[in-house]
Amino acid sequence: MLGLGMERLRADINRLLALLFHQGVLDEQYLQLQQLQDESSPNFVSEVVNIYFQESEKLLRNLRSLLMDEEFSDYKKMGVHLNQFIGSSSSIGAKRVRNVCVAFRVASEQNNRLGCLRALELLEHEYCYLKNKLHELFQIEQQRLLAAAVRYPAQH
């Protein structure tokens, strides 16, 4: 019975990953990140991604506060934040977030405030979608790990 549950969970993980790759949300860098995970660090991917989420929240707050400032004119500062966001998104395979950051950077290089506001809105949307889907993926993975632990209890 537990074996069937584990197979269903594994299939759910594979379906969700396939969807995220098909939608262009993730790229092959995410798979490379997964390859670094093993028994000695079973939560490696979720830990790295959670650090990414923490840093991304700060970057989004900084970008929003820069754009909400009526006196704003420091597009170079915005570019620094966007470069950080692009780099960290690339490192975890967050393809669509990275692509929106690149377009956002183009708008900032052109000192296009309206383009930057639109890009920020799209960035927040893509970031939230990524975060929700990866949290869903990690929850299924935790269920799979728990099912495996129940099926194969540690030998003393």
Side-chain angles (χ1 to χ4, degrees), residues 9-146 148-149:
L9 291 169
R10 187 170 282 116
D12 288 348
I13 290 169
N14 291 337
R15 267 194 298 278
L16 183 52
L17 276 174
L19 173 70
L20 295 175
F21 279 93
H22 177 73
Q23 292 176 334
V25 173
L26 295 176
D27 65 20
E28 58 282 343
Q29 183 61 38
Y30 186 81
L31 296 176
Q32 291 178 4
L33 194 62
Q34 282 186 315
Q35 290 173 350
L36 298 173
Q37 183 167 291
D38 58 20
E39 282 83 35
S40 67
S41 58
N43 298 318
F44 177 76
V45 174
S46 65
E47 289 168 3
V48 169
V49 169
N50 282 323
I51 291 168
Y52 166 79
F53 288 149
Q54 291 168 7
E55 291 304 310
S56 297
E57 300 284 339
K58 288 179 203 167
L59 291 169
L60 284 168
R61 275 194 307 274
N62 291 341
L63 290 167
R64 178 158 290 290
S65 83
L66 283 172
L67 279 169
M68 294 301 117
D69 180 0
E70 293 298 323
E71 307 294 313
F72 175 71
S73 64
D74 192 356
Y75 286 93
K76 289 212 181 310
K77 189 174 197 177
M78 186 174 293
V80 169
H81 293 315
L82 288 166
N83 286 337
Q84 289 176 322
F85 216 153
I86 290 166
S88 61
S89 296
S90 294
S91 72
I92 69 154
K95 183 179 178 180
R96 279 195 345 205
V97 169
R98 183 195 65 230
N99 291 345
V100 172
C101 286
V102 169
F104 194 158
R105 186 175 60 192
V106 169
S108 74
E109 289 168 350
Q110 297 170 346
N111 296 350
N112 179 349
R113 186 184 182 107
L114 184 58
C116 287
L117 286 166
R118 287 185 183 135
L120 177 62
E121 188 176 313
L122 183 57
L123 178 58
E124 288 173 334
H125 171 79
E126 288 297 336
Y127 171 77
C128 285
Y129 184 77
L130 172 73
K131 188 174 181 178
N132 289 336
K133 289 301 180 184
L134 288 181
H135 277 309
E136 183 181 337
L137 185 67
F138 295 151
Q139 286 176 334
I140 298 168
E141 180 63 24
Q142 283 301 317
Q143 290 172 6
R144 191 187 67 73
L145 290 173
L146 287 171

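Positions are given from 1, in the same order as the sequence printed here. As a basis for the values below, the full set of heavy atoms in this structure was taken, side chains included, without hydrogen atoms, waters or symmetry mates.
In this structure the side chain of Ile92 never reaches within 4.5 angstrom of the side chain of Gln29, judged on heavy atoms. Annotation: side chain of Leu26 is not in contact with side chain of Leu31 (no heavy-atom distance under 4.5 Å). Under the 4.5 Å side-chain criterion, counting only non-hydrogen atoms from C-beta, Glu57 is in contact with Lys131. Within the 4.5 Å cutoff, the side chain of Phe85 has no heavy atoms near those of the Glu55 side chain. Using a 4.5 Å heavy-atom cutoff, the side chains of Val25 and Leu134 are not in contact. The side-chain heavy atoms of Ile13 and Phe138, taken from C-beta on, include no pair separated by under 4.5 Å.
When only modelled atom types and interatomic distance are considered, Tyr52 and Ser89 share a side-chain donor-acceptor pair under 3.5 Å. Side chains of Tyr129 and Gln23: a donor on one and an acceptor on the other come within 3.5 Å.
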Walk me through it: do Leu123 and Leu63 pass the test side-chain contact (heavy atoms from CB on, under 4.5 Å)? CA-CA 10 Å; Leu123 178 58; Leu63 290 167; 4.2 Å; yes
Could you walk me through whether Gln34 and Phe44 pass side-chain contact (heavy atoms from CB on, under 4.5 Å), step by step? CA-CA 8 Å; Gln34 282 186 315; Phe44 177 76; over 6 Å; no
Taking it one step at a time, do Leu137 and Tyr30 satisfy side-chain contact (heavy atoms from CB on, under 4.5 Å)? CA-CA 13 Å; Leu137 185 67; Tyr30 186 81; 3.4 Å; yes
Could you please spell out the steps behind the side-chain contact (heavy atoms from CB on, under 4.5 Å) verdict for Ile86 and Val97? CA-CA 8 Å; Ile86 290 166; Val97 169; over 6 Å; no
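Separating the CG atom in Leu120 from the CE atom in Met68 is a distance of 6.5 Å, to the nearest 0.5 Å. A distance of 7.5 Å separates CG of Leu82 from SG of Cys116, quoted to the nearest 0.5 Å. One distance of note links CZ of Arg64 with CG of Leu59; it measures 14.0 Å at 0.5 Å rounding. To the nearest 0.5 Å, atoms CG (Leu66) and OH (Tyr75) are separated by 10.0 Å. Taking CD from Gln142 and CG from Leu9, the interatomic distance works out to 11.5 Å, rounded to the nearest 0.5 Å. Atom OG in Ser56 sits 11.0 Å away from atom CG in Asn50 (nearest 0.5 Å).
Taking the six-membered ring where the residue is Trp, Phe53 and His135 present tilted rings, their angle falling between 30° and 60°.
Note on Asp27 versus Arg98: salt bridge recorded, some NZ/NE/NH1/NH2 to OD/OE distance being below 4.0 Å. Salt-bridge annotation for Arg118 and Glu121: absent, with no side-chain N of the basic residue lying under 4.0 Å from a carboxylate O of the acidic one. The pair Lys95-Glu126 does not meet the salt-bridge criterion, since no charged nitrogen lies less than 4.0 angstrom from a carboxylate oxygen.
Of the possible donor and acceptor atoms, one in the side chain of Gln37 sits under 3.5 Å from a partner among the backbone N and O of Val45. A distance-only check finds no donor-acceptor pair linking the side chain of Arg10 to the backbone of Arg144 [under 3.5 Å]. Not a single donor-acceptor pair under 3.5 Å links the side chain of Asn43 to the backbone N or O of Ser46.
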